[in-house]
**Student:** 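This is the structure I have questions about; it appears just below.
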Amino acid sequence: MPSSASGWSIILIYVVIIAAFYFIAIRPQRKKEREHRELVSAVSIGDSVLTSSGFYGVVIDIPNDEVVIVEFGSNKNCRIPMQKGAIVEVDKAE
């Protein structure tokens, strides 16, 4: 029968491993997700955006909370509705 001290040390090791995993993997990911949500919620008409597929465009309309209409190119004919989640970078309009 194992001693009580060795049982507690095994439990302590598991707690340390779980805490390390939390601070190394989970916490930074949640911080990154929160920053992205704040970035996307701050998008407004006239902002220049970079999409996750690498296209630069200008937001011309925001019909609802999940969709923006982005105009790509200089010919002003390419207007595409897209999810806000696909925006990775925003340059605010002056």
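For this chain, numbers begin at 1 and follow the sequence in order.
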**Student:** Side-chain heavy atoms under 4.5 Å apart, restricted to Ile/Leu/Val/Met/Phe/Trp/Tyr: what other residues fall into the cluster of Val58, or is it alone?
**Tutor:** none

**Student:** Which residues pass the side-chain hydrogen bond (donor to acceptor under 3.5 Å, both in side chains) test with Ser53, not counting sequence neighbours?
**Tutor:**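 Per chain and number, Ser53 pairs via side-chain hydrogen bond (donor to acceptor under 3.5 Å, both in side chains) with Thr51.
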
**Student:** Report the residues that fulfil side chain to side chain contact (heavy atoms under 4.5 Å, CB included) with Val88, sequence neighbours left out, ordered by chain and then residue number.
**Tutor:**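 Checked Val88 against side chain to side chain contact (heavy atoms under 4.5 Å, CB included); matches are Leu50, Ser52.
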
**Student:** Pairs in or reaching into residues 12-22: which pass salt bridge (Lys or Arg N to Asp or Glu O under 4.0 Å), with residues at least two apart or in two chains?
**Tutor:** none

**Student:** Under 3.5 Å, which donor-acceptor pairs do the side chains of residues 16-29 form with other protein atoms, sequence neighbours left out?
**Tutor:**
none

**Student:** I need the full list of salt bridge (Lys or Arg N to Asp or Glu O under 4.0 Å) pairs touching residues 41-60, with sequence neighbours left out, sorted by first then second residue.
**Tutor:**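 Sorted pair list: Asp47-Lys92.
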
**Student:** Taking only distance into account, with no hydrogens and no angle test, what donor-acceptor pairs under 3.5 Å do side-chain atoms of residues 61-70 form with protein atoms, sequence neighbours excluded?
**Tutor:**
from	atom 1	to	atom 2	distance (Å)
Asn64	OD1	Glu66	N	3.0
Asn64	OD1	Val67	N	2.9

**Student:** Just how far is it from atom CG of Asn77 to atom CZ of Phe72, taken to the nearest 0.5 Å?
**Tutor:** 14.0 Å

**Student:** Are more than 12 heavy atoms, taken from residues, nucleotides or ligands other than Phe55, located less than 6.0 Å from that residue's CZ atom?
**Tutor:** no

**Student:** Ignoring hydrogens and angles, write down the donor-acceptor pairs under 3.5 Å from the side chains of residues 30-40, residues two or more places apart or on other chains.
**Tutor:**
from	atom 1	to	atom 2	distance (Å)
His36	NE2	Ile87	O	2.8

**Student:** Using the salt bridge (Lys or Arg N to Asp or Glu O under 4.0 Å) rule, collect all pairs that involve residues 77-88, keeping only residues at least two apart or in two chains.
**Tutor:** Glu71-Arg79

